[in-house]
Amino acid sequence: VQLQASGGGLVQAGGSLRLSCTASGHTFSSYAMGWFRQAPGKEREFVAAISRSGGITYYAASVKDRFTISRDNAKNTVYLQMNSLKPEDTAVYYCAARQIPGGYRDNYYYSSIDYRYWGQGTQVTVSS
């Protein structure tokens with residue numbers, strides 16, 4: 001699967017952005033999805049994850065109650081709605097996908113090593 005992330009940009013603190021990640025192929029609903037970010041000089045960190053059905057979500061503590069992950073399997077797209085943005089949210093945001101074999105239970109994944117497919121990243125800059 002190929003992933004294309006978009007929606008990044010420059011926003012003032014307190015503002016909002018919505019990131020999108022569109023996947024190629026016809027089996028998007030068999031993939032658990034995640035968002036990660038990497039700030040300059042820092043390691044890539046987990047942001048949010050969603051199960052293949054969309055029924056289960058999980059967030060990093062730093063973004064919980066501000067960010068919302070969702071997906072539209074009919075559009076092969078996962079979203080990250082980011083509200084109340086802070087300067088420390090500035091980073092390149094990456095979407096990632098993990099294929100789940102048929103019969104496996106619906107679940108999320110928050111470790112980068114669990115994901116095989118990665119998008120190219122989209123820059124989010126939050127000014128103070």
Side-chain angles (χ1 to χ4, degrees):
V1 66
Q2 292 184 326
L3 305 174
Q4 180 71 41
S6 62
L10 174 63
V11 64
Q12 289 187 335
S16 299
L17 282 175
R18 188 176 81 156
L19 306 184
S20 299
C21 175
T22 301
S24 63
H26 304 284
T27 59
F28 181 68
S29 60
S30 68
Y31 289 84
M33 302 296 295
W35 285 98
F36 292 77
R37 67 187 181 186
Q38 187 167 19
K42 295 187 177 181
E43 294 187 354
R44 187 172 299 186
E45 65 174 0
F46 168 76
V47 175
I50 190 166
S51 65
R52 56 183 171 175
S53 74
I56 306 173
T57 58
Y58 183 69
Y59 298 91
S62 60
V63 307
K64 188 174 173 59
D65 298 327
R66 298 189 298 123
F67 290 10
T68 302
I69 188 171
S70 62
R71 66 190 296 161
D72 185 337
N73 285 345
K75 295 182 178 180
N76 284 12
T77 301
V78 62
Y79 304 97
L80 185 68
Q81 177 67 44
M82 305 186 295
N83 298 329
S84 303
L85 283 161
K86 304 175 181 180
E88 52 263 43
D89 295 318
T90 295
V92 177
Y93 284 70
Y94 299 89
C95 58
R98 172 190 171 105
Q99 190 168 22
I100 309 300
Y104 277 48
R105 67 173 186 170
D106 211 27
N107 206 355
Y108 61 82
Y109 301 85
Y110 56 85
S111 175
S112 61
I113 64 174
D114 288 323
Y115 291 91
R116 178 177 180 181
Y117 304 100
W118 293 82
Q120 86 288 1
T122 185
Q123 176 71 47
V124 172
T125 303
V126 184
S127 63
S128 57

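Only a predicted model underlies this, so the values are computations on that prediction, with no experimental measurement involved. Counting begins at 1 with the first residue of the sequence.
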Between L80 and T68, is the side chain to side chain contact (heavy atoms under 4.5 Å, CB included) condition met? List the steps. CA-CA 6 Å; L80 185 68; T68 302; over 6 Å; no
Which is it for Q81 and S16 under the side chain to side chain contact (heavy atoms under 4.5 Å, CB included) test, yes or no, and what are the steps along the way? CA-CA 7 Å; Q81 177 67 44; S16 299; 3.9 Å; yes
Pair L85-F67, side chain to side chain contact (heavy atoms under 4.5 Å, CB included): steps then yes or no: CA-CA 9 Å; L85 283 161; F67 290 10; 3.8 Å; yes
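Heavy atoms only, all atoms of each residue included: A49 and Y108 are closest at CB-CB, 4.0 Å. When all heavy atoms of I69 and Y59 are compared, the pair lying nearest together is N-OH, 2.9 Å. Closest non-hydrogen pair, V78 versus S70, comes out as CG2-O, 3.1 Å. A pairwise comparison of heavy atoms in A91 and R37 identifies CB-CB, 3.8 Å as the closest pair. Listed here is the closest heavy atom pair of A5 and T122: CB-CG2, 4.3 Å. Residues V1 and A23 come closest through the heavy atom pair CG2-CB, 3.6 Å.
Cluster annotation: L3 and Y79 are assigned to distinct hydrophobic clusters (Ile/Leu/Val/Met/Phe/Trp/Tyr, side-chain heavy-atom contacts under 4.5 Å, transitive).
Taking the side chain as every heavy atom from C-beta outward, V11 and T125 never approach each other to under 4.5 Å. F28 is listed as a side-chain neighbour of M33, based on a closest heavy-atom distance under 4.5 Å. Counting only heavy atoms from C-beta outward, the side chains of Y93 and Q123 never approach each other to under 4.5 Å.
Judged by distance alone, the side chains of T77 and T22 do bring a donor and an acceptor atom under 3.5 Å apart. No hydrogens or angles considered: a donor-acceptor pair under 3.5 Å links the side chains of S53 and D106.
Distance check: R98 CZ to I113 CD1 gives 9.5 Å after rounding to the nearest 0.5 Å. Separating the CD atom in Q4 from the SG atom in C21 is a distance of 8.0 Å, to the nearest 0.5 Å. In this structure, the separation between CG on N83 and CG on D65 is 11.0 Å, given to the nearest 0.5 Å. Interatomic distance, K86 NZ to S62 OG, rounded to the nearest 0.5 Å: 8.0 Å. Atom-to-atom distance recorded for Q99:CD and Y117:OH is 6.0 Å, nearest 0.5 angstrom. From R71, atom CZ reaches atom OG of S29 across 7.5 Å, with rounding to the nearest 0.5 Å.
Checked against the 6.0 Å centroid criterion, the rings of F46 and Y58 qualify as a close aromatic pair. The six-membered or imidazole ring of F36 lies away from that of Y94, with a centre-to-centre distance of 6.0 Å or more.
Ring geometry, W118 versus Y115: the interplanar angle exceeds 60°, so the pair is classed perpendicular (tilted spans 30 to 60°).
Without hydrogens or angle criteria, T90 side chain to E88 main chain gives no donor-acceptor distance under 3.5 Å. Side-chain atoms of S24 come within 3.5 Å of backbone N or O of Q2 as a donor-acceptor pair.
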